[in-house]
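Just below is one structure, and these are the notes that go with it.
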Amino acid sequence: MKFDLHTHHDRCGHAQDKIRDYIEAAIAGGLKAIGISDHSPYFGSPEDHAQPLIAMAKSEFPRYIEEVLQLKKEYEGKIDVLLGVESDYFPEHVDVYRQEYAKYPFDYIIGSVHLSGGVSIFNRNRWKNLKDAQKIEQKEEYYRLIAESARSGMFNILGHIDAMKGFYPAFSDIPTPAVNETLKVIGETGVAIEINTSGKTKDVGGWYPSHAMLEQALHYGVEVTFGSDAHIPSRVGDDWDEVSKTLKEIGFKHWVYFKNKQKQVVPL
């Protein structure tokens with residue numbers, strides 16, 4: 001069964017086309033389930049639309065939910081449309097986000113760390129002029145936040161857990177036990193991680209997480225799922241077959257998706 005749980009659309013301000021276009025692309029690609037998971041609003045901000053090129057407005061969120069639920073009904077029998085959201089993780093605003101999400105019938109929630117130390121993980125300049133010890137500190141803070149997000153109980157899936165390498169490929173070579181420690185926490189909490197194929201659109205040119213991290217994830221009993229992180233419809237399901245093949249080679253026997261917050265197991 002082919003599925004993709006991580007897709008965006010024009011509401012977030014940096015993706016193209018409408019939700020329907022992603023669903024139609026999924027059908028054309030032979031998918032049986034498509035998850036709609038646009039970026040959550042900045043619920044911790046007093047502004048309605050704090051980051052118009054990053055996430056939707058708070059006032060737009062109910063309309064987003066309504067549209068996905070309507071399309072879920074419309075496409076019933078053709079493809080399983082799943083209601084998701086990619087949520088930022090801000091420790092200081094956890095309660096606010098939790099209250100907002102409790103209002104809606106999500107099939108799953110992806111938790112992603114996009115800011116670490118107050119700076120975007122995709123900011124190339126954050127690495128300039130740092131000494132080795134400071135690079136280690138930056139990486140450890142990132143994984144501290146990811147481990148904390150896993151423990152929060154808010155998320156079914158953790159998004160792109162080594163995406164800090166996106167525009168800084170040397171990130172993977174920064175030595176620290178924090179990566180394995182975080183994978184151990186994820187395994188213990190039962191939260192899944194996604195194999196996110198959007199890294200190919202960044203400087204690093206590969207998937208999130210790396211093959212080496214996937215091997216460690218298997219060791220710690222971490223569940224895995226698939227997300228293209230498509231920001232254009234043509235990327236829906238991107239690299240599905242290659243990911244499936246790689247997971248089998250590493251030793252995984254299955255992967256998972258979520259419906260009504262319940263884990264669905266799909267053999268590889």
Side-chain angles (χ1 to χ4, degrees), residues 4-23 34-72 81-123 142 145-146 148-161 163-164 166 191 194 196 198 208 225 227-233 235-236 258 260-261:
D4 185 346
L5 298 189
H6 195 154
T7 65
H8 296 278
H9 66 288
D10 63 352
R11 270 189 183 85
C12 70
H14 63 278
Q16 298 176 18
D17 298 327
K18 305 297 182 182
I19 297 174
R20 185 183 298 277
D21 297 313
Y22 289 81
I23 296 171
I34 177 70
I36 311 301
S37 58
D38 210 9
H39 291 282
S40 60
Y42 280 73
F43 290 118
S45 170
E47 300 175 55
D48 179 52
H49 205 178
Q51 299 283 348
L53 296 180
I54 296 177
M56 73 182 87
K58 287 186 279 188
S59 58
E60 190 63 28
F61 199 54
R63 289 190 281 271
Y64 163 65
I65 304 294
E66 182 181 4
E67 183 179 358
V68 177
L69 293 177
Q70 185 177 18
L71 290 167
K72 183 190 284 269
V81 176
L82 302 172
L83 173 62
V85 63
E86 183 181 14
S87 174
D88 279 289
Y89 177 69
F90 298 119
E92 67 273 27
H93 299 308
V94 162
D95 290 341
V96 175
Y97 278 74
R98 202 188 301 274
Q99 289 165 15
E100 288 295 329
Y101 296 150
K103 299 175 183 178
Y104 305 107
F106 286 105
D107 287 296
Y108 63 93
I109 299 175
I110 301 171
S112 296
V113 173
H114 291 111
L115 289 178
S116 180
V119 181
S120 168
I121 63 169
F122 298 119
N123 187 332
Y142 177 57
L145 288 168
I146 291 174
E148 195 174 296
S149 73
R151 291 192 187 100
S152 73
M154 290 177 60
F155 309 121
N156 308 100
I157 301 164
L158 300 185
H160 48 59
I161 65 168
M164 217 178 199
V191 183
E194 63 177 9
N196 179 314
S198 73
Y208 309 127
T225 189
S228 65
D229 203 347
H231 285 64
I232 54 174
R235 281 207 62 252
V236 170
F258 294 87
N260 299 322
K261 296 284 186 72

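Treat the numbers as computed from the prediction; the structure is a model and nothing was measured. No hydrogens, no waters, no symmetry mates; every other heavy atom, side chains included, goes into these values.
In summary, the aromatic rings of Tyr64 and His9 are positioned with their centroids under 6.0 Å apart.
Classified by interplanar angle (parallel below 30°, tilted 30° to 60°, perpendicular above 60°), the ring pair His39/His14 is tilted. By the 30° and 60° cut-offs, the orientation of the rings of His114 relative to Phe122 is tilted. Below 30°, between 30° and 60°, or above 60°: for Phe155 and Tyr89 the angle between ring planes is above 60°, a perpendicular geometry.
Within the 3.5 Å criterion, the main-chain N or O of Gly35 finds a donor-acceptor partner in the side chain of Thr7. No side-chain donor-acceptor contact under 3.5 Å links Asp107 to the backbone of Phe258. Side-chain atoms of Glu194 come within 3.5 Å of backbone atoms of His160 as a donor-acceptor pair (strictly under, hydrogens ignored). Between the side chain of Asn196 and the backbone N or O of Asp229 there is no donor-acceptor pair closer than 3.5 Å. Judged purely by atom type and a 3.5 angstrom limit, Tyr208 has no side-chain atom pairing as donor or acceptor with the backbone of Gly159. In this structure a side-chain-to-backbone donor-acceptor pair under 3.5 Å is missing from Lys103 to Pro62.
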CA sep, side-chain torsions, deciding dist, call: Phe43, Phe90, side chain to side chain contact (heavy atoms under 4.5 Å, CB included)
CA-CA 10 Å; Phe43 290 118; Phe90 298 119; over 6 Å; no
Please step through side chain to side chain contact (heavy atoms under 4.5 Å, CB included) for the pair Asp88 and Leu115, ending with a clear verdict.
CA-CA 8 Å; Asp88 279 289; Leu115 289 178; 5.8 Å; no
Quick one: do Val85 and Phe61 satisfy side chain to side chain contact (heavy atoms under 4.5 Å, CB included)? Show the steps, please.
CA-CA 10 Å; Val85 63; Phe61 199 54; 4.0 Å; yes
Walk me through it: do Tyr97 and Ser87 pass the test side-chain hydrogen bond (donor to acceptor under 3.5 Å, both in side chains)?
CA-CA 8 Å; Tyr97 278 74; Ser87 174; 6.0 Å; no
Assess whether salt bridge (Lys or Arg N to Asp or Glu O under 4.0 Å) is satisfied between Glu148 and Arg151, documenting all intermediate values.
CA-CA 5 Å; Glu148 195 174 296; Arg151 291 192 187 100; over 6 Å; no
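Between Ala57 and Pro41, the shortest heavy-atom contact is O-CG, 3.6 Å. Here the closest heavy-atom approach between residue Ile110 and residue Leu5 is recorded as CD1-O, 3.7 Å. Minimum interatomic distance between Asp38 and Arg11 (heavy atoms only, all atoms of both residues): OD2-CB, 3.5 Å. Across Leu83 and Lys72, no two heavy atoms sit closer than the pair N-NZ, 4.0 Å.
With rounding to the nearest 0.5 Å, the separation of CD1 in Ile121 from OG in Ser112 is 8.0 Å.
Other residues, nucleotides and ligands place more than 12 heavy atoms under 6.0 Å from the NZ atom of Lys261.
Counting only heavy atoms from C-beta outward, the side chains of Met154 and Ile109 never approach each other to under 4.5 Å.
Here Glu60 pairs with Arg63 in a salt bridge; the nearest charged N to carboxylate O distance falls below 4.0 Å.
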